[in-house]
Number of protein chains: 2
Amino acid sequence: MTQPRKADGRKARGEKKRRAIVEATLRVIERDGISGVTHRSVAREAGVPTTAPTYYFATLDDLLIATLLWTAEAVCDDMLRIVASGGTAREIAEVIARSVDENRGRTLAEYELYLLAGRRPELRAAARRWLDLAVETVRPADPVAFRALLAAVDGLLIQGLIADVAPNGDELEPIVSFLIRGRDEFPAAPREQ
Amino acid sequence: MTQPRKADGRKARGEKKRRAIVEATLRVIERDGISGVTHRSVAREAGVPTTAPTYYFATLDDLLIATLLWTAEAVCDDMLRIVASGGTAREIAEVIARSVDENRGRTLAEYELYLLAGRRPELRAAARRWLDLAVETVRPADPVAFRALLAAVDGLLIQGLIADVAPNGDELEPIVSFLIRGRDEFPAAPREQ
DNA sequence: AAACTTGTGGAACAATCGTTCAACTAGTTT
DNA sequence: AAACTAGTTGAACGATTGTTCCACAAGTTT
């Protein structure tokens with residue numbers, strides 16, 4: 001047979017380990033920031049030998065890039081879920097509140113990677129994928145208002161990260177409501193004419 | 001005499017050098033990011049011996065903290081100047097456009113320090129001083145709308161940093177206008193009753 | 001001028017870093 | 001089973017790091 005005898009062959013395990021290393025990297029960034037990412041710290045976090053990250057990623061930079069790409073995907077998934085479930089002001093406010101409280105570390109990591117994209121042109125498309133995806137998915141009737149909303153979400157998140165006490169959904173909801181302007185969900189676009 | 005003989009005495013020069021080191025640190029962050037900040041890189045940039053930064057700042061961390069505090073002050077000054085000069089949508093849009101184009105490096109540095117504050121509670125007050133100052137200065141009639149504006153400014157800046165081509169004032173102005181809602185300047189607060 | 005404080009800067013320390021290397025195991029193909 | 005390939009690992013490399021130390025120069029006070 002040319003098929004692998006074991007379902008969990010060499011290749012599959014390799015791919016799994018690769019992802020485990022990326023996940024460990026994200027955890028390190030959540031805990032210590034990008035500056036805390038070293039081959040050794042990632043290896044320790046992932047429970048693999050020191051040389052494993054080097055084996056799977058040519059350089060430390062490649063590892064960070066892979067982590068950003070993976071994180072960007074996750075952000076897009078989250079965003080799509082919000083839109084799919086209606087995208088009311090209340091919901092958006094709650095997501096922001098959770099992002100700066102329970103998921104604070106994760107959000108900090110996301111923004112550190114976001115800024116990394118500011119210095120690496122090849123990462124920018126991935127970093128702003130959620131923005132493009134939001135526009136494509138919602139097809140807003142008022143693009144200007146929608147862009148204002150997307151910008152404000154970023155601002156509320158980053159400002160929430162440096163607040164003494166994280167804002168809760170009740171405080172955030174009026175602001176989001178103001179941005180959605182009377183409607184209680186994303187303004188849907190007119191169908192293609 | 002107990003007065004120093006020279007106007008430019010030891011203490012004055014020390015203070016000057018201290019500030020030169022902080023300024024050099026900011027330049028390093030603009031160029032290479034926070035991860036590029038080392039005693040040696042800062043010393044090289046400032047044109048002082050390797051041990052000078054250590055002499056003036058107990059630790060590398062202290063140096064970063066001093067740099068953030070200094071930068072935060074500069075941001076506040078900029079913000080006050082915008083408000084003083086009217087704060088029209090056009091003006092705000094232009095400032096954002098310049099921040100992500102000519103002053104791109106500086107803006108990147110500011111946000112890296114911003115995020116640093118997310119991990120250091122003692123820095124948060126300084127990092128969000130411009131926000132508090134904006135509210136105090138403008139005394140907005142509609143606080144919710146104003147907070148939305150401030151959040152959107154942050155978002156437009158950070159999104160501008162990861163754009164393939166930096167947005168210009170013409171593209172940004174409609175968004176800022178939308179946030180100011182018909183008025184062409186910050187809504188002034190009613191005088192104290 | 002003597003005593004002091006502050007600033008200056010080279011040498012050197014241990015620690016940690018990214019990365020390379022070579023030996024090795026385990027899975028896959030022929 | 002022999003040949004091959006992908007994955008695994010510890011040891012070790014040179015480079016760089018933050019920081020300390022100490023001898024000394026400059027400025028200030030008594």
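Side chains included, hydrogens not; waters and symmetry mates left out as well; all remaining heavy atoms used. Because the structure is a prediction, the values reported are computed rather than measured.
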> Under 4.5 Å between any side-chain heavy atoms of A:Asp154 and B:Asp154, yes or no?
Replying inline: no
> So which pairs with a foot in residues 94-104 of chain A pass salt bridge (Lys or Arg N to Asp or Glu O under 4.0 Å), sequence neighbours left out?
Replying inline: A:Arg90-A:Glu94
> Starting at CG of B:Leu64 and ending at C1' of D:dG18, how long is that distance when rounded to a whole Å?
Replying inline: 13 Å
> Can you name the ring-ring contact (aromatic ring centres under 6.0 Å, His included) partners of A:Tyr111, sequence neighbours left out?
Replying inline: A:Tyr114
> Salt bridge or not for A:Glu73 and A:Arg129, using N-O below 4.0 Å?
Replying inline: no
> What does the inter-axis angle of the helix from C:dA1-D:dT30 to C:dT30-D:dA1 come out as, five pairs per end, nearest 10 degrees?
Replying inline: 10°
> Between A:Arg119 and B:Glu112, is there a side-chain N and carboxylate O pair less than 4.0 Å apart?
Replying inline: yes
> When the distance from CZ of A:Arg44 to P of C:dT16 is rounded to whole Å, what number comes out?
Replying inline: 9 Å
> Separation of B:Ile21 atom CD1 from D:dG18 atom P, in whole Å?
Replying inline: 14 Å
Using the 3.5 Å cut-off, write out each protein N or O paired with an N or O of nucleotides 18-23 of chain C and the distance between them.
| residue | atom | partner | partner atom | Å |
| --- | --- | --- | --- | --- |
| C:dG18 | OP2 | A:His39 | N | 3.1 |
| C:dG18 | N7 | A:Arg40 | NH1 | 2.7 |
| C:dG18 | O6 | A:Arg40 | NH2 | 3.1 |
| C:dT19 | OP1 | A:Thr59 | OG1 | 3.3 |
| C:dT19 | OP2 | A:Leu60 | N | 3.1 |

>> Without decimals, in angstroms, what is the distance between B:Tyr55 OH and C:dG9 C1'?
In response: 12 Å
> With a 4.5 Å limit on heavy-atom distance, are the side chains of B:Glu23 and B:Leu26 in contact?
Replying inline: no
> Within this structure, what is the NZ-to-C1' distance between A:Lys17 and D:dT8, rounded to whole angstrom?
Replying inline: 6 Å
>> Holding to side chain to side chain donor-acceptor pair (under 3.5 Å), I want the full list of residues that pass it with B:Thr38, two or more places apart in sequence or in another chain.
In response: B:Ser41
> Of all residues at least two apart in sequence or in a different chain, which pass the side chain to side chain donor-acceptor pair (under 3.5 Å) check with A:Asp62?
Replying inline: none
